[in-house]
Amino acid sequence: MSKIAFIGLGNMGYPMAGHLARLGHSVTVFNRTASRARAWCLEHGGTQAATPAEAAAGADFIMSCVGNDDDLRQIILAKNGVLEGIQPGALLVDHTTVSAALARELAASLAVRSAGFIDAPVSGGQQGATSGQLAIMCGGSSADVERARPVMEGYARAITHMGPAGSGQLTKMVNQICVAGLLEALAEGMYFAEKAGLDVQKVIDVISQGAASSWQMVNRHKTMIAGDYEHGFAVDWMRKDLAICLDEARRLGLELPVTEQVDGRYARVQDMGGGRWDTSSLLAVLKSGR
Ligand SMILES: NC(=O)c1ccc[n+]([C@@H]2O[C@H](COP(=O)([O-])OP(=O)(O)OC[C@H]3O[C@@H](n4cnc5c(N)ncnc54)[C@H](OP(=O)(O)O)[C@@H]3O)[C@@H](O)[C@H]2O)c1
């Protein structure tokens, strides 16, 4: 069992840290909103730290899952950040979806402290975090990935080493590019089914057995039919991810026409007040006629 710090107890981090505590690791948590860390400790019996530096002190592994590039910089590099508390030989495993450039920068900053870093963004949603069934794509040295593997297995069903620092984030970009177009297609299909007078549930029941099936179709159609979007992966986060993808594509000199278009559709969800709605809410845009 290891001494582990977990920073960021949001939709994803809260259940992920919970799995580690249940497995018997000694877990210290930090969250910006302290009441959430208190609630986590009451549920799981870990220790609450006052700062990221305090959480990192003495830990073998530091896992982070915060929001975006700025948030990650803040908890690692700012005053009272992880870099101030981390011990030589420790390993930082970041599960946040951020730019590949930041992953490479953090790997270099940690190396100066003789500490390791892997970028380890996840896929599988809140459900995957809760059931411990995430897919994790890792960038860094293979030795560091293998060292972190037994810990990450506490909440993952697949852990793949993709290459040097930043490769995990580049892989996550591919995931988000694939998901964006797919979600718009799913919303358009369901919208079409309803307007054509079909029983949408029956349509999904049959087509999910064939070539059009997807994780989103299987796991999101019921809430889409109900118009319930108060769960899951927030549109604000998706727009953050698509900005990262489009930035990287520009750097590579590539056009991603569908991804760009879907990003614009998500801007409309935000205009409807749906920044925290699940990404399946593209159907709400179609229904609103915006
Ligand atoms: N949700 C999903 O389905 C999903 C799936 C795959 C990947 N991801 C990625 O995983 C990451 C987390 O997603 P999430 O859904 O768990 O987000 P979330 O529910 O918004 O949680 C983010 C957490 O990070 C903390 N945080 C943010 N900025 C911070 C800062 N500057 N200092 C300290 N703590 C800070 C927040 O603290 P507060 O409590 O104070 O807000 C919150 O606990 C994101 O990068 C997201 O893109 C999410």
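In each ligand, atom 1 is the first atom listed, and ligand 1 is the first ligand listed. For reference, positions follow the sequence shown, starting with 1. Just so you know, these numbers use all the heavy atoms, side chains as well, and skip hydrogens, waters and symmetry mates. Please read all numbers here as calculations on a predicted model, not as lab measurements.
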Taking heavy atoms and a distance under 4.0 Å, where does T97 meet ligand 1: side chain, backbone, both or neither?
both

Not counting sequence neighbours, list each pair that qualifies as a ring-ring contact (aromatic ring centres under 6.0 Å, His included) and has a residue in residues 161-219.
none

Identify whether the distance between the nearest side-chain nitrogen and carboxylate oxygen of K287 and E194 falls below 4.0 Å.
yes

Look at the side chain of R36 and the backbone N and O of L9, then say whether any donor-acceptor pair between them is shorter than 3.5 Å.
yes

Kindly assign one of parallel, tilted or perpendicular to the pair Y155 and H19, based on the angle between their ring planes and the thresholds 30° and 60°.
tilted

For N11, the atoms of ligand 1 under 4.0 Å from one of its heavy atoms are 15 (O), 16 (O), 19 (O)

Tell me which part of R276 gets within contact of ligand 1: side chain, backbone, both or neither, using heavy atoms under 4.0 Å.
side chain

Specify side chain, backbone, both or neither for Q176, according to which of its non-hydrogen atoms lie closer than 4.0 Å to ligand 1.
neither

Heavy-atom closest contact (L134 atom, G125 atom, distance):
CD2-O, 3.7 Å

Among residues at least two apart in sequence or on other chains, which ones pass side chain to side chain contact (heavy atoms under 4.5 Å, CB included) with T259?
I177, L242, L246, L256

Structural part of I75 in contact with ligand 1, heavy atom criterion under 4.0 angstrom
side chain

Heavy atom of the protein closest to atom 16 (O) of ligand 1 (residue, atom name, distance)
M12 N, 2.9 Å

For atom 41 (O) of ligand 1, closest protein heavy-atom neighbour
R32 NH2, 2.9 Å

Tell me: protein heavy atom nearest atom 42 (C) of ligand 1, and distance?
N31 OD1, 3.7 Å

Test of understanding: given a 4.0 Å heavy-atom threshold, classify the contact between F233 and ligand 1 as side chain, backbone, both, or neither.
both

